[in-house]
Amino acid sequence: MGSFGIGTGEFVIMGLLPDVAHDFKVTTPEAGHVISAYALGVVIGAPVLAVLGAKMSRRWLLILLMSVFALGNIVSALAPTFGSFMFMRFLTGFPHGAYFGVAALVAASMVDPGKRTQAVGRVMLGLTLATLIGTPLATMFGQSLDWRVAFGVVGALGILTVALIILFLPQDKVRPGAGALRELGAFRSKQVWLTLGIGAVGFGGMFSVFTYIASTTTEVAGLSPTMVPVILALFGIGMVSGNIVGAWFADKALMATIGGMMIYNFIILSAFSLTAHNPYMLSLVVFLIGSSVAIAPALQIRLMDVAADGQTLAAALNHSAFNIANALGAWLGGLAIAGGYGYASTGWVGALLSVAGMGVFAMSLSLERSSPQQACPAE
């Protein structure tokens, strides 16, 4: 429920930008700055809150993080000016990464070691369902009633999540020796940086394509604008499927899954550029690109294993890496389009990012083989 609320809150603004722009009397591109403000909040907030909350029990940290998220969305719905709205979106992004990281650690600690990635996948399942159900519904309410209603609904989901955590999550104790310095030790690990690099670079291809998928659907495949929601739904179904299947594979062979997904991404993103003009192939490939989210729970577990005593910080940073991938993919895709290569060229951009991700993965694998170390499973 928490990840469903966060995912809905993160993506609903994309469909409501014209309404926000009209209300605050700014241009739609200017209104788009609130998306960047939220992403910046995620990137900054994840490590800061993970370190500051190191001496808290994970149960109470989750309650605090989700309370901040809920309050941020409610205040966003009441913002009187565009400046105050953008500032609240920035603050609301703060708990995003830390919440996912701590929730993943808690979920992994409650199951057998051989099912850790599947437990993390269940946490992330809410995020993928948000793209399929939460965001379209919240957008519909926002467009038919008022865009502020959408953020009020997301705030209510946050409050519900707080209640569920209080009711169902057992009380835990602060780990002995927990503290800011212990968490910051994660930054000393080369494997932590390399794993973050795989996500920040190698996962950017999905965002390169997804950011411009509406225009690709209408201008390249020649489909009606009414088909855009269908294409987006296929992308969402792919995300849900990839999350479930990828988590299962990662529990069987973690590193093989991560490496295999980099190769998979290269193939399907290349296929996107080659077949985007065909409506049937576009539909199939968009579904497959959505399924590439399968790498997310695998990278989350990998970070937990290589972070030693800084697991909370490392787990939170995974979502900072994905937001960097979002910004990088969208930016590079935009450059290709502006350069006159067309919307279908975003697939080639994504394929190149996948190759770069393979390079980072190869460095991580080589380092591990040259200096093997005992993995530190999430506690």
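Aromatic ring pairs are classed by plane angle as parallel below 30°, tilted from 30° to 60° and perpendicular above 60°; the pair His96 and Phe100 is tilted.
Leu352 and Trp348 are members of different hydrophobic clusters when ILVMFWY side chains are connected at heavy-atom separations under 4.5 Å. Criterion: ILVMFWY side-chain heavy atoms under 4.5 Å apart, direct or through other members. Under it, Leu40 and Tyr38 are part of a common hydrophobic cluster. Taken together through direct or relayed side-chain contacts under 4.5 Å among Ile, Leu, Val, Met, Phe, Trp and Tyr, Leu91 and Leu65 form part of one hydrophobic cluster. Linking Ile, Leu, Val, Met, Phe, Trp and Tyr residues whenever their side-chain heavy atoms come within less than 4.5 Å leaves Val201 and Val192 in two separate clusters. Connection of Val293 to Val240 is established within a shared hydrophobic cluster, with ILVMFWY side chains joined at heavy-atom distances below 4.5 Å, either directly or through further cluster members.
Remark: side-chain polar atoms of Asp146 are paired, donor with acceptor, to backbone N or O of Arg148 under 3.5 angstrom. A donor-acceptor contact shorter than 3.5 Å links the side chain of Thr257 to the backbone of Phe249. At distances below 3.5 Å, not a single donor-acceptor pair connects side-chain atoms of Ser208 with backbone N or O atoms of Ala330. Side-chain atoms of Arg59 come within 3.5 Å of backbone N or O of Leu169 as a donor-acceptor pair. Listed for the Gln191 side chain is a donor-acceptor partner under 3.5 Å among the backbone atoms of Ser364. The backbone N or O of Tyr212 lies less than 3.5 Å from no partner atom in the side chain of Tyr343, so there is not a single donor-acceptor pair. When atom types are taken as modelled, the side chain of Ser84 and the backbone of Thr81 share a donor-acceptor pair closer than 3.5 angstrom. Ser283 places a side-chain N or O within donor-acceptor distance of the main-chain N or O of Pro279, the cut-off being under 3.5 Å. With hydrogens and angles disregarded, no donor-acceptor distance shorter than 3.5 Å links the side chain of Ser224 to the backbone of Met227. Side-chain atoms of Asn278 come within 3.5 Å of backbone N or O of Met281 as a donor-acceptor pair.
Salt-bridge check for Arg89 with Glu10: failed, with every basic side-chain N at 4.0 Å or more from each acidic carboxylate O.
Taking the centre of each ring, Phe69 and Tyr99 stay at or above the 6.0 Å mark. Checked against the 6.0 Å centroid threshold, Phe85 and Phe24 count as a close aromatic pair.
In this structure, Pro113 and Asp251 approach most closely via the heavy-atom pair O-OD1, 4.5 Å. Of all the heavy atoms in Asn265 and Ser354, the pair that sits closest is CB-OG, 3.3 Å. The two residues Gln300 and Ala104 come nearest to each other via the heavy atoms CG-CB, 3.8 Å. Shown here for Val42 and Ser320, the closest heavy-atom pair between the two residues is O-OG, 3.5 Å. Nearest heavy atoms, Ser270 versus Ala351: OG-CB, 3.5 Å. Taking each heavy atom of Ser76 and Gly72 in turn, the nearest pair found is OG-O, 2.7 Å.
To the nearest 0.5 Å, the span separating CG on Leu157 from CE on Met1 amounts to 6.5 Å. Within the model, atoms CG of Leu129 and CE of Met239 stand 10.0 Å from one another, a figure rounded to the nearest 0.5 Å. Rounding to the nearest 0.5 Å places CG of Leu61 at 10.0 Å from CG of Leu52. Here Thr195 contributes atom OG1 and Ile301 contributes atom CD1; the two are 12.0 Å apart, rounded to the nearest 0.5 Å. With rounding to the nearest 0.5 angstrom, the CG atom of Asn243 is 12.5 Å from the CD1 atom of Ile295. Remark: Asn318 CG to Phe203 CZ distance equals 9.5 Å, nearest 0.5 Å.
Tyr264 and Ser291 are linked by a side-chain donor-acceptor pair at a separation below 3.5 angstrom, with hydrogens and angles left out of the test.
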Trace of the side chain to side chain contact (heavy atoms under 4.5 Å, CB included) decision for Phe272 with Thr346: CA-CA 8 Å; Phe272 176 84; Thr346 56; 3.6 Å; yes
- request: Go through the steps to decide whether Leu303 and Leu317 satisfy the test side chain to side chain contact (heavy atoms under 4.5 Å, CB included), and finish with yes or no.
  value: CA-CA 9 Å; Leu303 280 169; Leu317 285 171; 5.5 Å; no
Check against side chain to side chain contact (heavy atoms under 4.5 Å, CB included), Ile258 and Ile198: CA-CA 9 Å; Ile258 295 173; Ile198 295 171; 4.2 Å; yes
- request: Could you walk me through whether Lys190 and Glu368 pass salt bridge (Lys or Arg N to Asp or Glu O under 4.0 Å), step by step?
  value: CA-CA 10 Å; Lys190 293 180 182 178; Glu368 186 168 89; over 6 Å; no
query: Does the pair Ser3 and Met124 meet the rule for a side chain to side chain contact (heavy atoms under 4.5 Å, CB included), with working shown?
result: CA-CA 6 Å; Ser3 61; Met124 293 187 176; 5.9 Å; no
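Within the 4.5 Å cutoff, the side chain of Pro170 has heavy atoms near those of the Met110 side chain. Residues Phe82 and Val34 have side chains in contact (heavy-atom distance under 4.5 Å, counting atoms from C-beta outward). In this structure, the side chains of Leu64 and Met56 come closer than 4.5 Å at one or more pairs of heavy atoms. By the 4.5 Å heavy-atom criterion applied to side chains, Thr275 and Tyr280 are not counted as neighbours. Residues Phe4 and Leu125 fail the side-chain proximity criterion, which asks for heavy atoms closer than 4.5 Å. The side-chain heavy atoms of Pro95 and Met66, taken from C-beta on, include no pair separated by under 4.5 Å. Two residues are said to be in side-chain contact when any heavy atoms from C-beta on lie closer than 4.5 Å; Phe210 and Leu232 meet this criterion. Under the 4.5 Å side-chain criterion, counting only non-hydrogen atoms from C-beta, Phe235 is in contact with Met206.
Val75 pairs with exactly one of Leu71, Asn73, Leu78 by the side chain to side chain contact (heavy atoms under 4.5 Å, CB included) rule, that one being Leu71.
The environment of Phe266 atom CZ is sparse: at most 12 non-hydrogen atoms of other residues, nucleotides or ligands sit within 6.0 angstrom. Within 6.0 Å of the CZ atom in Phe87, the count of heavy atoms belonging to other residues, nucleotides or ligands does not exceed 12.
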